[in-house]
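Okay, structure first, notes after.
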Amino acid sequence: MNNIVIVGAGEAGGRAAIALRDGGYTGRLALIGEEVHAPYERPPLSKAAIVEPDEPRPTTISGGDRLGELDIERMTDVAVAAIERAERTLALSDGRRLGYDALILATGARARSLNLPGGEHALTLRSFEDAQRLRERIRAAERVIVIGGGLIGLELAAAARTLRREVTVLEADTRLLRRSTPEILASAVEARHVREGVEIAKGVRIERIDPRGRGFVVHSSLGSREADLVVGGIGALPRTELAVAAGLAVENGILVDAQLRTSDPDILAVGDCANFPHPLYPGRRMRLEAWRHAFASGAHAAQTLLGGDDAYAALPWFWSDQYDLTLQIVGLVEAGEAIVARELGDGATLLFHLDRDGRLVAAAGLGTIERIGKEIKLAERLIGRRASQSAAALADPGVNLKRLL
Amino acid sequence: MAEWIDACAKDDIDAEDVMRFDHGGKTYAIYRSPDGEFFATDGLCTHEKIHLAGGLVMDDIIECPKHNGRFNYKTGVAKGAPVCVNLATYPVRVQGDRVLIEI
């Protein structure tokens with residue numbers, strides 16, 4: 001193999017490129033990205049990039065110009081128009097054509113747009129430029145309406161509130177964070193927002209968004225609300241158009257096997273756009289929009305192309321920062337049937353999710369990072385052990401989780 | 001001018017654990033290895049300035065509580081992404097039941 005092309009220059013694509021070189025691959029390596037930046041970390045975009053007084057700059061993955069040093073051919077500001085699998089060739093948006101021996105799709109996800117009249121007025125967050133725009137607009141606003149009480153919506157609400165803006169969150173569901181977070185912790189997150197002065201309304205049906213003056217009016221089942229800025233945070237959709245057009249198997253993401261190969265063995269998929277099986281959770285498939293998965297699946301695809309046969313087994317893990325609270329969830333909450341709570345002091349809580357055999361399959365923590373960081377890392381190791389755990393020991397904060405390993 | 005500072009008692013830190021120590025406007029992390037030796041590094045992760053004392057010590061490694069940043073606390077060497085900048089380390093001396101660091 002002497003010609004590898006990676007489509008998508010985010011964390012997953014960039015990490016795949018670095019891992020290929022670190023693993024000894026010396027052939028041609030091209031990294032195609034629509035963005036002008038070197039691959040950068042996205043987690044700060046909804047947090048520090050908005051609230052920090054200094055103008056944000058993209059945080060390049062691996063720091064500095066590692067990609068430049070590794071002889072990776074970065075093609076920016078260009079998109080892939082089509083994958084011609086029979087010829088193992090990419091058609092680029094500028095008319096060029098690019099052959100490959102192996103292709104890694106790291107096309108990511110796009111923010112879901114509001115499908116209602118005036119939905120285009122709601123700003124969404126995906127790229128560094130989106131964050132810059134939100135930063136400016138939040139700072140210029142007095143009143144901000146956030147549509148969607150998921151992670152991105154709540155992080156942006158917390159950021160806007162930290163900047164002392166009037167903030168309202170409108171959520172269609174009857175609870176916040178349904179897709180990602182156990183209800184007990186979601187309620188605690190909600191209570192914190194309310195204490196900070198954010199107005200939260202659930203079960204709200206948005207009807208339309210009208211421009212008015214320099215701002216907007218959001219019409220909903222709650223009535224009409226004015227705001228200087230409307231933010232949309234209603235989830236993301238995997239970017240699978242190229243894969244679909246090329247006839248790859250796609251179902252909520254590009255379907256890959258345990259080694260991250262798509263239905264075409266010369267093509268792999270990683271990061272937000274991939275739908276993968278996990279050895280710890282047999283019988284399930286998952287698609288994750290999270291930093292660790294992007295990082296780890298990118299690196300794993302490199303190992304597969306370098307001849308590895310291991311199953312991709314990084315545990316799902318994400319964090320969210322809102323005010324001084326950190327939410328961290330490791331494992332797969334929906335694989336659990338029982339919950340054991342461990343109270344860590346200062347209102348911090350760790351929830352253990354056990355399957356029907358008493359095996360730990362997920363842990364979810366909410367509190368300051370000092371309270372929950374170490375415990376979550378230990379819980380992650382316990383999940384990896386696949387051993388049954390005593391509920392009493394898990395619930396007792398006096399029992400050091402390290403002793404259960 | 002480096003000087004030896006009394007940071008804590010030996011018993012303040014369990015084996016294979018870490019604690020925070022603030023001095024002179026700076027923050028440090030003091031470690032006790034599984035075999036009972038003491039070590040000291042800068043207190044903040046080089047990735048996003050999080051206190052490492054909230055992290056997890058396993059063998060020779062401190063893992064930042066926030067992300068995946070891992071360092072060898074004996075040498076300060078960063079063990080891979082997202083951290084790419086090493087941690088500063090400081091000499092440590094045990095005197096009686098006290099732990100001293102040279103800063």
Side-chain angles (χ1 to χ4, degrees), chain A residues 11-12 14-15 18-19 22 39-44 47-48 52 59-66 69 290-296 298-299 314-315 317-321 324 326-328 330 344 348 365 367-382 400-403 405, chain B residues 8 11-22 27-36 39 41-73 76-88:
Chain A
E11 177 80 43
R15 191 59 56 187
I18 292 169
D22 285 350
Y40 57 89
E41 299 181 1
R42 292 189 200 275
K47 313 171 185 90
E52 291 296 322
T59 309
T60 309
I61 69 170
S62 281
D65 186 29
R66 187 89 204 289
E69 293 158 14
W291 174 84
R292 175 192 278 175
H293 167 62
F295 169 94
L315 269 180
W317 174 67
F318 74 85
W319 75 88
S320 173
D321 297 325
D324 66 344
T326 284
L327 170 71
Q328 287 198 28
V330 62
L344 301 172
T368 60
I369 190 67
E370 290 79 12
R371 290 284 179 192
I372 68 158
K374 188 195 297 189
E375 302 274 311
I376 283 280
K377 293 197 180 296
L378 285 164
E380 173 177 352
R381 285 165 173 80
L382 289 171
N400 186 342
L401 294 178
K402 214 184 235 183
R403 306 287 160 253
L405 283 173
Chain B
C8 60
D11 291 349
D12 289 342
I13 316 176
D14 291 336
E16 203 178 37
D17 209 349
V18 55
M19 73 172 273
R20 172 175 168 180
F21 171 63
D22 293 351
T27 185
Y28 304 89
I30 318 277
Y31 308 81
R32 188 172 189 171
S33 70
D35 54 7
F39 298 88
T41 70
D42 271 343
L44 299 178
C45 180
T46 58
H47 180 230
E48 281 194 359
K49 308 290 173 219
I50 298 298
H51 283 282
L52 290 168
L56 176 64
V57 179
M58 296 291 271
D59 297 325
D60 297 349
I61 302 295
I62 172 73
E63 187 171 339
C64 174
K66 193 83 191 201
H67 304 143
N68 272 31
R70 291 158 68 249
F71 304 88
N72 182 320
Y73 59 81
V77 171
K79 303 301 282 183
V83 293
C84 32
V85 177
N86 295 344
L87 273 179

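Proteins get letters first, then strands, A, B, ... in listed order; numbering begins at 1 in each.
From B:F71, atom CZ reaches atom SG of B:C64 across 7.0 Å, with rounding to the nearest 0.5 Å. B:I30 CD1 to B:C8 SG: the interatomic distance, rounded to the nearest 0.5 Å, is 5.5 Å.
Nearest heavy-atom pair across B:A53 and B:V18 is O-CG1, 3.6 Å.
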(message) Let's go through B:T41 and B:I62 carefully: what are the C-alpha distance in whole Å and the side-chain angles of both, what is the deciding distance for side chain to side chain contact (heavy atoms under 4.5 Å, CB included) to 0.1 Å, and is it a yes or a no?
(response) CA-CA 10 Å; B:T41 70; B:I62 172 73; 5.9 Å; no
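A:L405 has its side chain within reach of A:L382: a pair of non-hydrogen atoms, C-beta onward, lies under 4.5 Å apart. Here the side chains of A:I61 and A:I18 are in contact, with some heavy-atom distance below 4.5 Å.
For chain B, no part of A:P43 is nearby; none of its heavy atoms comes within less than 4.5 Å.
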Scan the chain B/chain A interface and emit each donor-acceptor pair under 3.5 angstrom with its distance.
unit_1: B:E16; atom_1: O; unit_2: A:K402; atom_2: NZ; d: 2.7
unit_1: B:E16; atom_1: OE1; unit_2: A:K402; atom_2: NZ; d: 3.2
unit_1: B:D17; atom_1: OD1; unit_2: A:K374; atom_2: NZ; d: 3.0
unit_1: B:H47; atom_1: NE2; unit_2: A:E41; atom_2: OE1; d: 2.9
unit_1: B:H47; atom_1: NE2; unit_2: A:E41; atom_2: OE2; d: 3.1
unit_1: B:G54; atom_1: O; unit_2: A:K374; atom_2: N; d: 3.4
unit_1: B:V57; atom_1: O; unit_2: A:K402; atom_2: NZ; d: 2.6
unit_1: B:E63; atom_1: OE1; unit_2: A:R381; atom_2: NH2; d: 2.9
unit_1: B:E63; atom_1: OE2; unit_2: A:K377; atom_2: NZ; d: 3.0
unit_1: B:C64; atom_1: O; unit_2: A:K377; atom_2: NZ; d: 3.4
unit_1: B:P65; atom_1: O; unit_2: A:Q328; atom_2: NE2; d: 3.1
unit_1: B:K66; atom_1: NZ; unit_2: A:D321; atom_2: OD1; d: 2.8
unit_1: B:K66; atom_1: NZ; unit_2: A:D321; atom_2: OD2; d: 3.0
unit_1: B:K66; atom_1: NZ; unit_2: A:T326; atom_2: OG1; d: 3.4
unit_1: B:H67; atom_1: O; unit_2: A:K377; atom_2: NZ; d: 2.9

